A.B. asks: 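My questions will all concern the structure given below.
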Amino acid sequence: MNSLRSGAIGILPPGALGVSLFHHLTHQSNDLDGEVCFLSRSDSSSTVALRAAGILKIQAGDELKEIPLPNLLKGDLITCFRAGELPEALLICTNPDQLLDLVSECVALLETVAEAGLLSPKALPFPAVVLCSNGIYYQRVRQVFIEKLEEATLFGRLPDLWPDLMPAIVGRWLRGVSIQTGVRDGSGASAIYRPGPSGITRIAGGDREIRQRVVQSCVERGAWFEDAGDLSPTRIEFDKAIVNLASNLIGLLLAIDEQGHFHRLQIGEVAEAKNHERLEKLATEVFRVGRAVRAYSTNDELSDQVARLHQTLDLHRDHVPSSVQWVDVQLRRGELKARLTPTEKWLLEPLVRYALAAHLPDTAHYFKSLERELIAKLRKAIGRRGSDM
C-alpha cells in the first residue's frame, strides 16, 4: 500500500524550474499519463490557487497549453505516503532558502513511515530526493538532514538508524545540477510558465545504483539527464556556478547599458570575444574559492574550466539567460527591485562567505563589487522605465 511508485517522478513545487522539467519529462507536455506529477508543500498558497483553478498554463512556442491538474497535482509528502502515491524519485525545485523546510518535511515523512512500521532498509518508502535548486549548498543541507534525523532519534521519534538505516536514507539524498531554464510570468492560478529549451541536469552524490536509476527514469521520459559518476556534488555545484554566473550575471550586466536601456540578449552575445577577459576573470575567482574548499583538487586546472565555460556558452548561444528573462518580466510588470536577482543571490552570497572563511579577501571583494555593479544597473533600468512612462 505504501510502497514507492516504480518509475514515477514527482516534482516539488510547480514553479519556473519545476514546470520546465515537467514539460521536458512529458515530451513537451504531451504525455500526461500521471507518471510525472507535482507534489505540494503543505504551506504553499500558490499551490492552493493552482489546485483551485485546476489548470496549469504553459507557453510552448506559439501555443498556450492548459494542462489539467486534478490527476497531476498531488498532496504533500505525508499525504502521498498515506495514499500510496509517493514517487520513486522526487525533484526538488524550491528556492534554496526553502530547502531547510523541505528537510524538516522529509524527516517528518520518515517519522510517519516509522509509525507505520515500514522503516526497513530493503524496502524503504522514501523517494530518491534530488535537490535541483540553484546555488552552492549541498554539503550544508545534507549535514542538516543528518542532524535532524539524529535529533528525531534522540527524542524517540525515530529508532536508532545506525548501522543500516542511515546509509539507506542518506543514499537517497542526491544533487541535481541543472542548466534547464524557465520563467514564470505572474503568480498563482494566473501564472503562465515559459519553459526554455531542453537543458542538461547532472545527478551527483548518494548511492550509485539509486543515482543511476533516477537518471535512467528521467532519460526514458525524454529529458536530458546525466550521471555525474564519482564527481562530488560540491564540485558539480562550482562547475555550474561558473557557467551560471557567466551567462546570467554577466548577461544582466551586458543587457542593461549605462543609460538603463534593457534588451533581451542571448548567450551568444555574452560569449563574444570582447567579453572573454571578463568571463575568464569570473572563472578564475570562482575556481580559486572552489580550490580553497576542496571542490577542486590540485590536479584540476583553471584552463580546463575556462575551456569548458566557452564550450558551454557556445552550445547554448541561442538561449536567453534565465535571469535576463526574469528581469524582463519584472521590468515589464513594474515590479523590478534594485536588489540581487534570485539566481545571483544564491551564488554570490555563498561565494563571498567561503572566500572570507578561506582568507581570500580580494576574491570576496571581487564578488561584492559584482553585486554592487548589478544593483546599480538594475536601479538604472528601473529609473529608465519610470522616465519612459
Side-chain angles (χ1 to χ4, degrees), residues 8-26 28-60 63-83 85-87 90-106 108-109 127 129 131-134 178 180-196 322-323 325-337 339 341-343 345-346:
I9 301 168
I11 299 171
L12 191 162
L17 174 58
V19 172
S20 290
L21 290 172
F22 172 87
H23 182 69
H24 294 292
L25 284 163
T26 56
Q28 288 67 56
S29 302
N30 290 315
D31 187 3
L32 307 178
D33 59 3
E35 292 302 296
V36 180
C37 63
F38 295 104
L39 272 68
S40 309
R41 295 183 64 233
S42 56
D43 59 350
S44 172
S45 58
S46 61
T47 303
V48 170
L50 278 175
R51 192 184 304 280
I55 59 170
L56 182 73
K57 300 175 183 177
I58 297 180
Q59 185 76 47
E63 182 183 4
L64 179 62
K65 298 188 175 188
E66 295 193 347
I67 309 299
L69 282 176
N71 296 322
L72 297 176
L73 181 56
K74 310 295 184 181
D76 60 24
L77 286 171
I78 291 176
T79 300
C80 286
F81 166 69
R82 289 173 174 159
E85 293 185 332
L86 275 178
L90 180 61
L91 308 182
I92 303 298
C93 304
T94 63
N95 294 338
D97 56 5
Q98 297 172 323
L99 285 174
L100 296 185
D101 291 336
L102 183 278
V103 167
S104 297
E105 291 186 29
C106 286
L109 169 61
V129 177
L131 306 178
C132 297
S133 308
N134 278 319
S178 181
Q180 179 59 57
T181 59
V183 173
R184 179 179 63 189
D185 190 351
S187 61
S190 64
I192 296 177
Y193 296 84
R194 307 178 193 277
S322 58
S323 290
Q325 295 184 56
W326 186 87
V327 166
D328 184 24
V329 170
Q330 296 296 306
L331 196 57
R332 285 188 284 106
R333 293 168 61 91
E335 297 177 356
L336 186 63
K337 307 294 183 184
R339 61 190 181 202
T341 41
T343 294
K345 175 181 174 66
W346 304 324

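Numbers for residues simply follow the sequence, beginning at 1. Quantities reported herein were computed from a predicted structural model and do not represent experimental measurements.
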A.B. asks: Please report the shortest heavy-atom distance between Pro68 and Pro70, naming the atom on each side.
C.D. replies: C-CD, 3.4 Å

A.B. asks: Would you say Thr181's side chain and Ser322's backbone share a donor-acceptor pair under 3.5 angstrom?
C.D. replies: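 Flag not set: sc Thr181 to bb Ser322 has no pair under 3.5 Å.
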
A.B. asks: Where the side chain of Tyr193 meets the backbone of Gly18, is there a donor-acceptor pair that is under 3.5 Å apart?
C.D. replies: no

A.B. asks: Kindly give the heavy-atom pair with the smallest separation between Leu109 and Leu77, and that separation in Å.
C.D. replies: CD1-O, 4.0 Å

A.B. asks: Can you tell whether the side chains of Asp101 and Arg41 come within less than 4.0 Å, N to carboxylate O?
C.D. replies: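 Arg41 and Asp101: salt-bridged.
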
A.B. asks: To the nearest 0.5 Å, what is the distance between CZ (Arg333) and OG (Ser187)?
C.D. replies: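 Here the interatomic distance stands at 6.5 Å.
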
A.B. asks: For the residue pair Ser20 and Pro195, what are the closest heavy atoms and their distance?
C.D. replies: OG-CA, 3.3 Å

A.B. asks: What distance do Phe38 atom CZ and Ile11 atom CD1 have between them, rounded to the nearest 0.5 Å?
C.D. replies: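 Spacing of CZ (Phe38) from CD1 (Ile11) equals 5.0 Å.
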
A.B. asks: As a test of understanding, state which of Leu21, Val19, Leu12, Asn134 forms a side-chain contact (heavy atoms from CB on, under 4.5 Å) with Cys93.
C.D. replies: Leu21

A.B. asks: Tell me whether His24 contacts the main-chain N or O of Gly196 through its side chain, where contact means a donor paired with an acceptor under 3.5 Å.
C.D. replies: yes

A.B. asks: Can you measure from CD (Glu85) to SG (Cys37) and round to the nearest 0.5 angstrom?
C.D. replies: 7.5 Å

A.B. asks: Do the side chain of Arg194 and the main chain of Ala16 share a donor and acceptor less than 3.5 angstrom apart?
C.D. replies: no

A.B. asks: Between Asn95 (side chain) and Asp97 (backbone), is there a donor-acceptor pair under 3.5 Å?
C.D. replies: no

A.B. asks: If only atom types and distance count, is the side chain of Arg184 paired as donor or acceptor with the main-chain N or O of Ala191 below 3.5 Å?
C.D. replies: no

A.B. asks: Given side chain to side chain contact (heavy atoms under 4.5 Å, CB included), test Ser40 with Arg51 step by step and report yes or no.
C.D. replies: CA-CA 10 Å; Ser40 309; Arg51 192 184 304 280; 2.8 Å; yes

A.B. asks: When rounded to the nearest 0.5 angstrom, what distance separates CG in Asn71 from NZ in Lys74?
C.D. replies: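 Between atom CG of Asn71 and atom NZ of Lys74 there are 6.0 Å.
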
A.B. asks: Any heavy-atom pair between the side chains of Ile9 and Pro87 that's under 4.5 Å?
C.D. replies: no

A.B. asks: Is there side-chain contact between Leu56 and Leu72, with heavy atoms separated by less than 4.5 Å?
C.D. replies: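 Contact flag for Leu56/Leu72 side chains = no.
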
A.B. asks: Give a yes or no on whether the backbone of Arg339 and the side-chain of Lys345 come within a donor-acceptor separation of less than 3.5 Å.
C.D. replies: no

A.B. asks: Go through the steps for His23 and Gln28 under the test side chain to side chain contact (heavy atoms under 4.5 Å, CB included), then give the verdict.
C.D. replies: CA-CA 5 Å; His23 182 69; Gln28 288 67 56; 3.7 Å; yes

A.B. asks: Side chain to side chain contact (heavy atoms under 4.5 Å, CB included), that's the test. Do Gln59 and Asp185 meet it? Break it down for me.
C.D. replies: CA-CA 10 Å; Gln59 185 76 47; Asp185 190 351; over 6 Å; no

A.B. asks: Which value, rounded to the nearest 0.5 Å, describes the distance between Ile58 atom CD1 and Ile67 atom CD1?
C.D. replies: 4.5 Å

A.B. asks: I need the Thr94 OG1 to Leu131 CG distance, nearest 0.5 Å.
C.D. replies: 8.0 Å

